[in-house]
Protein chains: 2
Amino acid sequence: MALEHAILVSLAEKSASGYDLARRFDASIGHFWKASHQQIYKVLGRMESDKWVEAHLVEQSGRPDKKVYAITGEGRDELMRWSSTPTPIEAYRSEFAVKLRGLNFGDRDAVLSDVRTRRAAHVTQLAYYEASAAKHYPDPSTVADDELGAYLVLRGGFIQEQSGIAWCDEILQAFGAAER
Amino acid sequence: MALEHAILVSLAEKSASGYDLARRFDASIGHFWKASHQQIYKVLGRMESDKWVEAHLVEQSGRPDKKVYAITGEGRDELMRWSSTPTPIEAYRSEFAVKLRGLNFGDRDAVLSDVRTRRAAHVTQLAYYEASAAKHYPDPSTVADDELGAYLVLRGGFIQEQSGIAWCDEILQAFGAAER
DNA sequence: AATGCCATGTAACCAGTTACATGATTGC
DNA sequence: GCAATCATGTAACTGGTTACATGGCATT
């Protein structure tokens with residue numbers, strides 16, 4: 001399971017409360033690993049028992065107190081251990097592909113409008129990655145060494161969205177050709 | 001959930017036993033939706049209660065008897081209903097991306113060899129899709145209408161693998177550049 | 001007065017994985 | 001004799017989702 005490790009990576013970058021983590025999992029890290037706050041709290045509890053993280057209470061005025069979690073030495077060890085084990089190749093799982101495959105038994109127009117929606121979502125996400133890259137890595141040829149990982153992940157997202165758009169376009173073209 | 005619908009699509013193409021379905025989910029359909037035989041039997045049971053499929057026992061000699069499932073009218077209705085509802089856009093979830101992101105706290109060489117492994121897997125899969133396309137759709141400009149869905153799914157897999165390779169190559173290049 | 005942010009959780013449920021179980025036939 | 005294929009399941013567990021719960025402060 002990788003949520004533990006995603007949290008460890010996030011905490012290794014900067015200590016945070018469960019709430020903070022939940023917001024990070026809505027944004028940057030969330031682009032390739034989603035997690036709800038409920039699940040984050042649950043996993044943080046387990047990680048604390050495992051001594052991978054430790055919490056200290058931060059009292060605040062005007063807003064609720066919070067528990068700020070920091071990665072421990074053991075947490076860093078675990079991160080290193082995990083990093084050096086091969087990552088299992090995750091299976092694709094696309095409900096949309098199932099729908100396409102069942103085109104003969106389904107509603108062609110609905111699938112068509114589905115493709116358009118998906119294409120638009122890919123375009124939006126691509127623009128986001130593009131803006132993000134322009135902001136953080138204006139010169140891709142000289143990315144700082146400690147930013148390389150984050151940069152490459154961004155590139156991965158970018159490529160993913162590009163190919164998503166390319167697929168949608170092929171589908172739209174095939175549908176268009178069939179209707180004429 | 002889409003396993004029900006993946007099974008419905010598969011049974012709409014051709015009636016099958018749970019065992020047959022499990023094999024289909026190892027091959028063609030399995031490229032975008034995996035399922036174990038245990039889970040298939042479980043879901044088939046539920047689908048039978050829901051009247052989406054019906055089973056009849058086929059006695060065999062020399063091998064165990066089997067229950068062959070066929071899609072019902074209600075099953076086809078459900079397939080049509082599902083087809084015409086928008087497909088939720090599934091979140092990416094990549095353990096490998098998490099690992100890349102945590103490169104600063106991990107083992108660079110291990111990640112490097114991981115990339116190489118993944119690239120090789122993408123190449124193998126791409127070759128499979130290529131061979132499959134050459135065999136079933138020798139002339140892509142004239143794909144029969146009832147094969148369009150399956151063809152486009154294959155194209156999606158192809159594009160996916162291609163972009164996976166492109167990402168791996170970018171990572172390898174970045175790593176190489178950093179080491180020189 | 002209502003909405004949204006900050007902050008942390010519990011409980012019930014669901015989909016999917018892993019381990020275990022059985023038993024006959026066919027091919028090496 | 002051993003492994004693979006055919007064929008169908010049960011049981012325990014895990015990861016994740018959805019619904020529910022609480023409560024103060026700041027903004028509109």
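Chain naming here is simple, since letters A, B, ... match the order of the sequence lines and numbering starts at 1 in each.
- If you measure from atom CD1 of A/Ile40 to atom P of C/dA7, you get 14 Å, rounded to the nearest angstrom.
- Note on ring orientation: taking the six-membered ring where Trp is involved, the planes of A/Trp167 and A/Phe96 are perpendicular (angle over 60°, cut-offs 30° and 60°).
- Residue A/Lys67 places at least one side-chain N or O closer than 4.0 Å to OP1 or OP2 of C/dG9.
- Within the structure, a side-chain polar atom (N or O) of B/Gln60 is placed less than 4.0 Å from OP1 or OP2 of D/dA7.
- Summarising the geometry, the separation between CG on A/Leu3 and C1' on D/dT17 is reported as 13 Å, rounded to the nearest angstrom.
- Using bins of under 30°, 30° to 60° and over 60° for the plane-to-plane angle, the ring pair B/His5/B/Trp52 lands in the tilted bin.
- Rounded to an integer number of Å, the gap from A/Glu59 CD to C/dC6 C1' is 16 Å.
- When the side-chain nitrogen and oxygen atoms of B/Gln38 are compared with OP1 and OP2 of D/dG9, none of them lie within a distance under 4.0 Å.
- Between A/Asp65 atom CG and D/dG23 atom P the separation is 15 Å, expressed in whole Å.
- For the pair B/Asp26 CG and D/dC6 P, the interatomic distance rounds to 11 Å; values are reported in whole Å.
- Ion pairing between a basic and an acidic side chain is recognised when a charged N comes within 4.0 Å of a carboxylate O; A/Lys51 and A/Glu74 show no such pairing.
- The distance between atom CG of B/Leu21 and atom C1' of D/dA7, rounded to the nearest whole Å, is 13 Å.
- Look at B/Ser17 and you won't find any side-chain N or O under 4.0 angstrom from OP1 or OP2 of D/dC6.
- Regarding contacts with the backbone of D/dC6, a side-chain N or O of B/Arg23 is found under 4.0 angstrom from either OP1 or OP2.
- Residue A/Tyr19 places no side-chain N or O under 4.0 Å from the OP1 or OP2 atom of C/dT8.
- Applying the 4.0 Å criterion to OP1 and OP2 of C/dT8, one finds that A/Tyr41 has a side-chain N or O inside that range.
- If A/Arg63 and A/Gln39 are placed on DNA chain D by their nearest nucleotide, the residue sitting closer to the 5' end is A/Gln39.
- If you take NZ of B/Lys66 and P of C/dA24, they are 20 Å apart, rounded to a whole angstrom.
- If you check D/dT8, C/dA7, D/dG16 against the side chain of B/His37, the one that comes closest is D/dT8.
- Residue B/Arg93 places at least one side-chain N or O under 4.0 Å from the OP1 or OP2 atom of D/dG16.
- A salt bridge is defined here as a Lys NZ or Arg NE, NH1 or NH2 lying under 4.0 Å from an Asp or Glu carboxylate O, and B/Asp26 with B/Arg23 fails to meet this definition.
- In this structure, A/Leu44 places its CG atom 14 Å from P of C/dA7, rounding to the nearest Å.
- Picking from D/dG9, D/dG15, C/dA15 the nucleotide with the shortest atom distance to the side chain of B/Arg46 gives C/dA15.
- Across D/dG16, C/dT18, D/dG9, the shortest atom-to-atom separation from the side chain of B/Ser36 is found for C/dT18.
- Here the shortest heavy-atom pairing between A/Val98 and B/Val9 reads O-CG2, 4.1 Å.
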